[in-house]
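In what follows, every heavy atom counts, from backbone to side chain, and hydrogens, waters and symmetry copies are set aside.
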Amino acid sequence: QAFNLSRVGSLSGLSPRNMKSLRFPGKVNIRQIKIPRYFAVFLNQNQSAALSDKNVRLALAHAADKNKIIEIINGSGFKIDSPILPEVFENFSGSIKRYDHNPGFSRQILENSGWLDDNNDGFREKKGQTLEIELAVPLRKELVEIGGELKKDWESVGIKINLMNVPVLELQQNYIQPRTYQALLFGEVLNIEPDRFGFWHSTQKKDPGLNLALYDSSGADKILEETRQTLNPVARADRYRDFQNLVIEDLPAIFLYSPNYIYPQSKKIKGFEDELLGLPSERFANIEKWHIETRRVRK
């Protein structure tokens with residue numbers, strides 16, 4: 001309201017849905033800035049026997065419709081398939097393995113691996129065990145809607161999803177810190193520097209580490225350790241490409257999307273031109289160049 005009344009000159013991190021509430025579009029620059037962050041469904045195989053079956057993870061990956069997710073965020077972001085974002089290494093996303101949306105293939109994978117709907121209740125079973133997964137989602141409108149779409153996608157191929165929409169503080173204390181979730185829809189804020197040690201090394205599986213998938217790979221650990229000791233940027237990029245391929249192949253998480261940072265700013269403010277930030281606060285890094293009024297000065 002204050003922005004619409006010109007009482008403030010900019011808004012930090014506007015949600016895509018609230019963009020419709022802005023008035024006077026001719027007087028506003030709505031900047032969609034890239035920030036290295038992403039949302040994914042992290043799969044805790046220690047809490048679910050079904051998720052320890054890679055065929056189930058493959059079925060989940062192929063059944064998730066990321067295009068619907070981009071529609072939910074009003075196109076303010078892009079689909080991702082990897083823990084390495086294109087803002088960091090532009091040429092990384094070209095030839096990587098992708099799990100394209102293909103629910104028919106998901107059904108085929110599950111049937112071939114013995115997950116069948118023998119009792120015709122719409123959900124699959126194997127050796128008396130129902131294919132059932134709990135999905136924990138932060139209680140935020142946009143994420144709740146995304147969680148609902150994922151539930152539809154996954155139940156359409158016969159995977160029963162128990163959706164739990166949990167307030168953020170409760171989610172942190174009762175699920176994330178003790179790692180008691182089965183599947184978790186959550187976001188990670190990265191950095192321009194591509195170090196992924198804190199997010200994917202096996203030593204970071206327990207809180208306060210950020211390895212939310214509890215990923216444990218000796219090969220990935222070795223790469224992450226070596227890249228920290230390598231100063232050559234070309235060699236680092238090569239090792240991160242190897243790391244990326246390992247994670248994509250192992251499927252410890254289903255990577256969904258990277259949202260843009262929406263930053264409406266009054267057109268009267270000049271001097272802000274950034275298109276990529278490491279963190280939202282970095283928008284003030286060159287604030288000394290911002291200005292509103294200009295005048296001619298005799299030299």
Side-chain angles (χ1 to χ4, degrees), residues 16 38-45 47-83 93-138 142-165 181-187 212-213 244-245 247-259:
Y38 63 75
F39 283 83
V41 175
F42 298 94
L43 307 175
N44 185 351
Q45 299 176 45
Q47 293 288 321
S48 168
L51 289 175
S52 65
D53 182 346
K54 187 177 179 181
N55 289 311
V56 171
R57 303 199 302 276
L58 280 169
L60 290 168
H62 281 293
D65 189 348
K66 299 178 188 179
N67 289 322
K68 286 184 181 178
I69 294 174
I70 299 302
E71 289 177 9
I72 290 172
I73 63 172
N74 290 340
S76 298
F78 55 92
K79 298 181 290 183
I80 63 165
D81 303 279
S82 160
S93 59
S95 59
I96 64 172
K97 182 176 182 178
R98 288 182 171 84
Y99 302 102
D100 295 326
H101 180 231
N102 190 340
F105 188 44
S106 293
R107 296 184 187 98
Q108 181 182 336
I109 291 171
L110 293 171
E111 288 171 9
N112 290 346
S113 56
W115 291 101
L116 306 173
D117 184 12
D118 292 325
N119 59 7
N120 295 314
D121 65 348
F123 303 114
R124 299 176 183 274
E125 304 86 28
K126 185 177 182 180
K127 297 180 180 179
Q129 174 193 355
T130 300
L131 184 48
E132 184 174 2
I133 297 167
E134 292 181 352
L135 175 62
V137 178
E142 188 176 283
L143 295 177
V144 167
E145 190 169 348
I146 290 171
E149 284 297 333
L150 290 172
K151 176 181 171 71
K152 290 178 187 176
D153 290 341
W154 291 337
E155 291 196 340
S156 73
V157 300
I159 303 172
K160 185 176 182 180
I161 302 297
N162 298 321
L163 194 60
M164 302 181 297
N165 299 317
Y181 50 86
Q182 293 184 1
L184 172 70
L185 172 59
F186 209 67
L212 299 181
Q244 171 182 254
N245 293 336
V247 174
I248 292 173
E249 184 63 35
D250 290 342
L251 254 178
I254 299 170
F255 301 98
L256 298 175
Y257 71 104
S258 176

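Of all heavy-atom pairs spanning Phe42 and Ala253, the tightest one is CD2-CB, 3.9 Å. Heavy-atom minimum distance, Gly147 versus Leu135: O-CD2, 4.2 Å. Counting all heavy atoms, side chain and backbone alike, Gln244 lies closest to Ser82 at OE1-OG, 2.6 Å. Listed here is the closest heavy atom pair of Val137 and Leu163: CG2-CD1, 3.7 Å. The heavy-atom pair separating Val157 from Ser106 by the smallest distance is CG1-CB, 4.0 Å.
Side chains of Lys97 and Asn245: no donor on one and acceptor on the other come within 3.5 Å. With 3.5 Å as the limit, one finds a donor-acceptor pair spanning the side chains of Trp115 and Asp53. If you check the side chains of Glu125 and Thr130, you find no donor sitting under 3.5 Å from an acceptor.
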(request) Mind running side chain to side chain contact (heavy atoms under 4.5 Å, CB included) on Val41 and Leu184 for me, showing each step along the way? (result) CA-CA 5 Å; Val41 175; Leu184 172 70; over 6 Å; no

(request) Evaluate side chain to side chain contact (heavy atoms under 4.5 Å, CB included) for Lys79 paired with His101, printing each intermediate quantity in order. (result) CA-CA 12 Å; Lys79 298 181 290 183; His101 180 231; over 6 Å; no

(request) Determine, stepwise, if the pair Ile80 / Phe39 fulfils side chain to side chain contact (heavy atoms under 4.5 Å, CB included). (result) CA-CA 9 Å; Ile80 63 165; Phe39 283 83; over 6 Å; no

(message) Before you tell me yes or no, could you show the steps for Arg57 and Leu43 under side chain to side chain contact (heavy atoms under 4.5 Å, CB included), namely the whole-Å CA-CA distance, both residues' side-chain angles and the distance that decides it to 0.1 Å?
(response) CA-CA 8 Å; Arg57 303 199 302 276; Leu43 307 175; 3.8 Å; yes

(request) Give the intermediate values and the outcome of salt bridge (charged side-chain N to carboxylate O under 4.0 Å, His left out) for residues Lys160 and Glu155. (result) CA-CA 5 Å; Lys160 185 176 182 180; Glu155 291 196 340; over 6 Å; no

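Formation of a donor-acceptor pair under 3.5 Å by the Ser48 side chain with backbone atoms of Gln45 is not found in this model. Between the side chain of Lys66 and the backbone N or O of Tyr257 there is no donor-acceptor pair closer than 3.5 Å. In terms of modelled atom types and a separation under 3.5 Å, the side chain of Asp250 and the main chain of Pro252 share no donor-acceptor contact. For Tyr181 (side chain) and Leu212 (main-chain N/O), a donor-acceptor pair under 3.5 Å exists by modelled atom type. The main-chain N or O of Leu60 is never found under 3.5 Å from a side-chain atom of Tyr99 such that the two would form a donor-acceptor pair. Between the side chain of Lys151 and the main chain of Ile146, no donor-acceptor pair closer than 3.5 Å is present.
Side-chain contact check for Glu149 versus Ile72: some heavy-atom pair is nearer than 4.5 Å. Between Asp153 and Lys68, the closest side-chain pair of non-hydrogen atoms falls below 4.5 Å. In this structure, Leu256 and Leu185 have side chains that are in contact, with non-hydrogen atoms separated by less than 4.5 Å.
Between Arg124 and Asp117 there is no salt bridge, since no side-chain nitrogen of the basic residue lies less than 4.0 Å from a carboxylate oxygen of the acidic one.
Once rounded to the nearest 0.5 Å, the distance linking OG of Ser156 with CZ of Arg107 reads 5.0 Å. Taken from CD in Gln182 to CD1 in Ile133, the straight-line distance is 7.0 Å, to the nearest 0.5 Å. Residue Leu150 holds its CG atom at 11.0 Å from CD1 of Ile159, rounded to the nearest 0.5 Å. In this structure, Ile109 CD1 and Leu58 CG are separated by 5.0 Å, a value rounded to the nearest 0.5 Å. From Phe78, atom CZ reaches atom CD1 of Ile73 across 9.5 Å, with rounding to the nearest 0.5 Å. The structure places CD1 of Ile96 at 4.0 Å from CD1 of Ile248, a figure rounded to the nearest 0.5 Å.
Taking the six-membered ring where the residue is Trp, the centroids of Phe255 and Tyr38 are separated by under 6.0 Å.
Ring orientation note: the planes of His62 and Phe105 are nearly perpendicular, at an angle over 60° on the 30°/60° scale.
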